[in-house]
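Report on the structure given below.
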Amino acid sequence: MTAQPGPRPRPVPGPARRRELHLNAFLKPPGEFLAAWRHPNTAADAGVNIRHVIELARTAERARFDAVFFADLVGVPFADQEVLSRVSVVNDSFEPTTLIAALATATSRIGLIATASTTYNEPYHLARTFASLDHISGGRVGWNLVTSLSDAEARNFGLDRHVDHELRYERAAEFFDVVTGLWDSFDDDAFHHDQTSGIYFDETKLHRLDHRGKHFAVTGPLNIPRPPQGRPVIVQAGSSDSGRALAASVADVVFTQHADLAGAQAFYADLKAATRAAGRDPDDVVVLPGLSTIVGRTLGEAEDKLDRLTSLLDPRVALADLAYWLGGVDLAAHPLDGPLPDLPPSNQSQSAQRAIVERARAGGLTIRQLAQQRARDIRTVVGTPESIADHIQECFEGRGADGFNVIFPYLPDTLDDFATLVIPELRRRGLFRTDYAGRTLREHLGLPRPPSRWAAP
């Protein structure tokens, strides 16, 4: 049935919420570090070892993480075959929406977040996929909305180069509007399944979208009931001006990264203000900076773990990774023991390029030194459970974060260490839950269930 939506209703304000620390587990089997697969305690085939990934998700669920998260690329980032042959995660990893469907049946409470690109997908497909996943999981799904990164991805979809940065974000905003409109195709109580009367659903509670925009023409309706959460949790990770604007308008969770507390606090304040200016409650956006940890019972033990890990990285891979995050530049054309050259703005991740250039300039680093230092991720905190809990508490209570997107350099060890050493310390300080209070990911995150655009104001 076609109708015109009225003014979009907003959730009725309730009592002030108590701030709770949120922890998301960023799982990139066998680990975030590019040489993690070489560590003797990892499963080298972890990217396509479903039993291994299930155990990682169950470990995170036992520790009461809000969610597990899986990143994705729809292409391989390294053109050099010799470099490509020395890394794991871009060569053999599950497509994430397929993976979280499997994890939904192997877990019962933890949230499940998958990445999907708005540049190289169509809205109807993704709306149907994530609505299906939300039903399969009982309301535990999130969509990490990305615009993709590289020319290598574009060439898998009939293009010679990646779509321009600003155009990608313009398309992403319209993509979001179409997807969320499709999720509202049926009212929450539309389906009767009345076998006696023969009425399957109430035809007055079906709404056709009839979207006609610059990038998409989608009639609808979506052929699945409204998701259990109203809409799956929307995650966004762009830190450029366009990325921040999109996050302030649509995101429930924002992934970000910062080198220090002052940078985290500035981003946090800016994003919350932008959210308010967009007509939204700033408490309805959960800011989770990246935090990579290596934990030891002593500082020396933790540093030994890091040294052992970084010794496994081939210098050619480190240099290729640096070039990739700088925007796909050819660093071989410049002296490795010379300074980083001036670079054109990246059409991949502008915020990543800016952070790396600022780090190089501030430290007077050569290209070789910068590649070596990036092996020790600036997001990585190395220390004891107490010192890592101190770091988390300072940033959380200092309004630099609502929690963290916890990154694991190699798996399963760093997840196990965080779960058994750091989380008990956070609980001892009264910062983190001892059990889930609800069943959906929105409930874990303290977020309201969005009403349908067709609901009465």
Any donor and acceptor pair, going by atom type alone, linking the side chain of [X] with main-chain N or O of [Y] inside 3.5 Å?
X: Glu95; Y: Thr97; answer: yes
X: Arg449; Y: Pro228; answer: yes
X: Gln229; Y: Pro232; answer: no
X: Asp252; Y: Ile234; answer: yes
X: Arg208; Y: Ser185; answer: no
X: Arg442; Y: Leu447; answer: no
X: Gln265; Y: Gly398; answer: yes
X: Lys205; Y: Phe186; answer: no
X: Thr105; Y: Ala102; answer: yes
X: Thr147; Y: Thr119; answer: no

Does the side chain of [X] reach to within under 4.5 Å of the side chain of [Y], using non-hydrogen atoms?
X: Leu261; Y: His391; result: no
X: Tyr436; Y: His444; result: yes
X: Val146; Y: Thr118; result: no
X: Leu112; Y: Phe70; result: no
X: Glu122; Y: Val218; result: no
X: Val254; Y: Val286; result: no
X: His215; Y: Val178; result: no
X: Tyr120; Y: Leu159; result: yes

Can you name the closest pair of heavy atoms from [X] and [Y] and give their distance?
X: Ala419; Y: Ala63; value: CB-CB, 3.9 Å
X: Ile100; Y: Ala114; value: CD1-CB, 3.7 Å
X: Val74; Y: Ser148; value: CG2-OG, 4.3 Å
X: Arg212; Y: Thr219; value: NH2-OG1, 3.5 Å
X: Gln236; Y: Gly243; value: OE1-O, 3.2 Å
X: His211; Y: Phe216; value: CD2-O, 3.2 Å

Rounded to the nearest 0.5 Å, how far apart are [atom1] of [X] and [atom2] of [Y]?
X: Lys28; Y: Asp72; atom1: NZ; atom2: CG; answer: 10.0 Å
X: Ile423; Y: Asp417; atom1: CD1; atom2: CG; answer: 11.5 Å
X: Leu312; Y: His39; atom1: CG; atom2: NE2; answer: 7.0 Å
X: Ser249; Y: Asp177; atom1: OG; atom2: CG; answer: 9.5 Å
X: Asp184; Y: Asp188; atom1: CG; atom2: CG; answer: 8.5 Å
X: Phe191; Y: Ile224; atom1: CZ; atom2: CD1; answer: 9.0 Å

| task | Report the residues that fulfil salt bridge (Lys or Arg N to Asp or Glu O under 4.0 Å) with Glu425, sequence neighbours left out, ordered by chain and then residue number. | result |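 Partners of Glu425 under the salt bridge (Lys or Arg N to Asp or Glu O under 4.0 Å) test: Arg428, Arg429.
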
Return a table of donor-acceptor pairs under 3.5 angstrom between the side chains of residues 46-57 and protein atoms on other chains or two or more places apart.
from  : atom 1 : to    : atom 2 : distance (Å)
Asn49 : OD1    : Arg51 : N      : 3.4
Asn49 : OD1    : His52 : N      : 3.1
Asn49 : ND2    : Asp45 : OD1    : 3.4
Glu55 : OE2    : Arg58 : NH1    : 3.4

Can you say whether the rings of [X] and [Y] are parallel (under 30°), tilted (30 to 60°) or perpendicular (over 60°)?
X: Phe267; Y: His258; result: tilted
X: Trp454; Y: His207; result: parallel
X: Phe175; Y: Trp143; result: tilted

Less than 3.5 Å apart, any donor N or O on the side chain of [X] or [Y] sitting next to an acceptor on the other?
X: Asn24; Y: Asp66; answer: no
X: Asp194; Y: Tyr200; answer: no
X: His22; Y: Asp402; answer: no
X: Thr59; Y: Glu61; answer: no
X: Arg453; Y: Thr180; answer: yes
X: Thr115; Y: Asn144; answer: yes
X: Arg140; Y: Thr107; answer: yes
X: Tyr124; Y: Asn223; answer: yes
X: Ser292; Y: Glu32; answer: no

| Single hit among Val141, Leu222, Asp134, Leu133 for side chain to side chain contact (heavy atoms under 4.5 Å, CB included) with Pro227 |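 That would be Asp134.
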
| Would the number of heavy atoms belonging to other residues, nucleotides or ligands and lying under 6.0 Å from CZ of Arg128 be above 12? |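 At most 12 heavy atoms, drawn from other residues, nucleotides or ligands, come within 6.0 Å of this atom.
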
| query | Going by an N to O cut-off under 4.0 Å, is there a salt bridge joining Asp435 and Arg64? | reply |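 A salt bridge is present here (some side-chain N lies under 4.0 Å from a carboxylate O).
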
| request: Run the salt-bridge test on Asp413 and Lys305 with the 4.0 Å N-O cut-off and return the result as yes or no. | output: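 Here Asp413 does not pair with Lys305 in a salt bridge, since their nearest N and O are not under 4.0 Å apart.
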
| Under the side-chain contact (heavy atoms from CB on, under 4.5 Å) criterion, do Phe65 and Ile110 qualify, and how do the steps go? | CA-CA 7 Å; Phe65 277 82; Ile110 196 164; 4.0 Å; yes

| Does the ring centre of His125 sit less than 6.0 Å away from the ring centre of Phe130? |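 Phe130 vs His125: aromatic centres not under 6.0 Å.
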
| task | Determine, using ring centers only, whether Phe26 and Phe69 are less than 6.0 Å apart. | result |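 Yes, close enough.
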
| task | Before giving the answer on side-chain contact (heavy atoms from CB on, under 4.5 Å), spell out for Ile113 and Val68 the whole-Å C-alpha distance, their side-chain angles and the decisive distance to 0.1 Å. | result | CA-CA 6 Å; Ile113 302 172; Val68 293; over 6 Å; no

| message | Walk me through whether Arg226 and Asp187 qualify under side-chain contact (heavy atoms from CB on, under 4.5 Å). | response | CA-CA 7 Å; Arg226 194 162 188 254; Asp187 291 347; over 6 Å; no

| message | Do Arg19 and Phe396 form a cation-pi contact, if we require the NZ or CZ to be under 6.0 Å from the six-membered ring centre and within 45 degrees of the ring's axis? | response |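 The answer is yes; both the distance and angle limits are met.
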
| query | After noting the C-alpha distance and the side-chain angles of Leu23 and Leu426, does the key distance pass the side-chain contact (heavy atoms from CB on, under 4.5 Å) rule? | reply | CA-CA 11 Å; Leu23 296 175; Leu426 294 173; 4.1 Å; yes

